[in-house]
Number of protein chains: 2
Amino acid sequence: MISQTAEYALRAIVYISQNPDVAQTAQQIAGKTHVPKGYLSKIMQSMARSGLVVSQRGLGGGFTLARPAKEISVLDVLSAADAPIQRIQRCPLGIKSHAGLCPVHRLVDDAIKQIEDAFRQANIEDLVNSTNGVKPLCEE
Amino acid sequence: MISQTAEYALRAIVYISQNPDVAQTAQQIAGKTHVPKGYLSKIMQSMARSGLVVSQRGLGGGFTLARPAKEISVLDVLSAADAPIQRIQRCPLGIKSHAGLCPVHRLVDDAIKQIEDAFRQANIEDLVNSTNGVKPLCEE
DNA sequence: ATCTTAATGGATATGTATATCTATTATCGA
DNA sequence: TCGATAATAGATATACATATCCATTAAGAT
């Protein structure tokens with residue numbers, strides 16, 4: 001449903017948001033979120049390039065949020081991590097110029113739109129502050 | 001969002017439903033739905049094994065629906081084609097026994113559930129009969 | 001019986017996502 | 001200036017989804 005990469009990115013940004021005062025190294029994030037370190041580094045690079053996080057090299061370096069968690073949507077994170085959720089723009093069979101999608105692809109695209117909207121609404125701060133009895137990332 | 005395989009399977013079952021009177025060969029279906037023939041054969045095999053379609057070898061053979069289109073949901077097709085849409089059952093970090101998911105995975109799982117429900121509601125007959133101005137599969 | 005048609009099953013190829021490794025570059029502290 | 005830390009970049013490895021190919025099996029037509 002969402003890629004492994006996107007799931008890792010979400011964990012990382014949530015963890016950074018939970019520890020906003022000091023930069024978190026890829027090593028730290030990887031350990032706490034159970035993500036392979038080398039792979040997480042790549043993902044953090046993507047998020048830095050997308051402007052979600054700021055990276056800092058050297059001692060005391062690591063990653064911090066580039067803007068308030070309230071202003072980062074889940075969709076932002078998924079889009080930064082890998083290819084953004086793709087709406088169906090035109091008929092995948094590509095036969096001819098249609099005004100709209102056929103019912104089959106309309107149904108699928110509507111579902112995609114629902115997800116996209118839900119992830120656009122949700123921001124990281126709300127996620128981190130929300131309490132449903134379990135702290136985000138399942139830490140104790 | 002849905003795999004290429006699932007998209008192909010949907011096209012195939014819709015095409016069969018549009019031509020219910022005679023068995024459709026993999027060759028015919030592949031041509032009309034723009035799916036690679038060899039690959040479609042594999043997908044049709046899966047759908048036959050799942051009991052969605054009945055296969056018949058030899059001259060005049062091909063594939064027919066195993067039950068009325070009304071009784072085949074889009075979710076049935078997706079599940080038969082490849083791994084079913086996976087809900088998040090427990091914390092992917094697997095740290096400890098929790099009563100429920102943390103807010104992060106709750107959000108993602110809710111989105112998955114929405115999709116699953118939408119695809120469970122939708123049946124193939126409605127899809128084939130629905131007219132939004134464009135015939136299913138974008139044929140003219 | 002034999003020929004043709006068409007699904008089946010197994011092996012193989014290709015592409016993309018996931019993951020690892022290493023050398024390099026930047027930054028800090030002493 | 002030097003050593004340690006940590007991100008960056010590029011190359012490589014692995015797994016899985018997608019796709020092709022071919023020999024085999026089943027069924028109908030003659």
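Computed over heavy atoms, backbone and side chain alike; hydrogens, waters and symmetry mates excluded. Per chain, numbering begins at 1; letters A, B, ... match sequence-line order.
Contact check, A/Tyr39 against C/dC21: no side-chain N or O comes under 4.0 Å of OP1 or OP2. Dashed line: the shortest gap from a side-chain N or O of A/Gln56 to OP1 or OP2 of C/dC28 is under 4.0 Å. Not one side-chain nitrogen or oxygen of B/Gln45 sits closer than 4.0 Å to the OP1 or OP2 atom of C/dA7. Side-chain N/O atoms of A/Thr5 include none lying less than 4.0 angstrom from OP1 or OP2 on C/dA17.
Of the listed residues (B/Asn123, B/Leu127, B/Ile124), just one forms a side chain to side chain contact (heavy atoms under 4.5 Å, CB included) with B/Ile72, and that residue is B/Ile124.
A salt bridge links A/Asp109 with A/Arg106: the closest approach of a Lys/Arg side-chain nitrogen to an acidic carboxylate oxygen falls below 4.0 angstrom.
Place A/Gly38 and B/Ser55 on DNA chain C by their nearest nucleotides, and B/Ser55 ends up nearer the 5' end.
The CZ-C1' distance, from B/Arg49 to C/dT8, rounds to 9 Å in whole Å. Rounded to an integer number of Å, the gap from NZ of A/Lys37 to P of C/dT18 is 19 Å. Rounded to an integer number of Å, the gap from B/Asp82 CG to D/dT18 P is 7 Å. Spacing between atom CZ of A/Phe63 and atom P of C/dT27 amounts to 14 Å, rounded to whole angstrom units. In this structure, B/Lys42 places its NZ atom 10 Å from C1' of D/dC22, rounding to the nearest Å. Taking atom CD of A/Glu7 as the reference point, atom C1' of C/dA17 lies 15 Å away to the nearest angstrom. As a whole-Å value, the separation of A/Met44 CE from D/dT8 P is 9 Å. We find that CE of A/Met47 is positioned 15 Å from C1' of D/dT8, with the value rounded to whole Å.
Distance from the side chain of B/Leu59 is smallest for D/dG28 among the nucleotides D/dG28, D/dA19, C/dT8. In the set C/dA6, C/dA26, C/dA19, C/dA19 carries the atom at the smallest distance from any side-chain atom of A/Pro36.
Counting only distance, with no hydrogens or angles, the side chain of B/Gln28 and the backbone of B/Thr25 share a donor-acceptor pair below 3.5 Å.
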Go through A/Asp82 and A/Ser3 one step at a time and tell me if the side-chain hydrogen bond (donor to acceptor under 3.5 Å, both in side chains) criterion holds. CA-CA 8 Å; A/Asp82 48 18; A/Ser3 69; 2.3 Å; yes
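By the 4.5 Å heavy-atom criterion applied to side chains, A/Ser55 and A/Met44 are not counted as neighbours.
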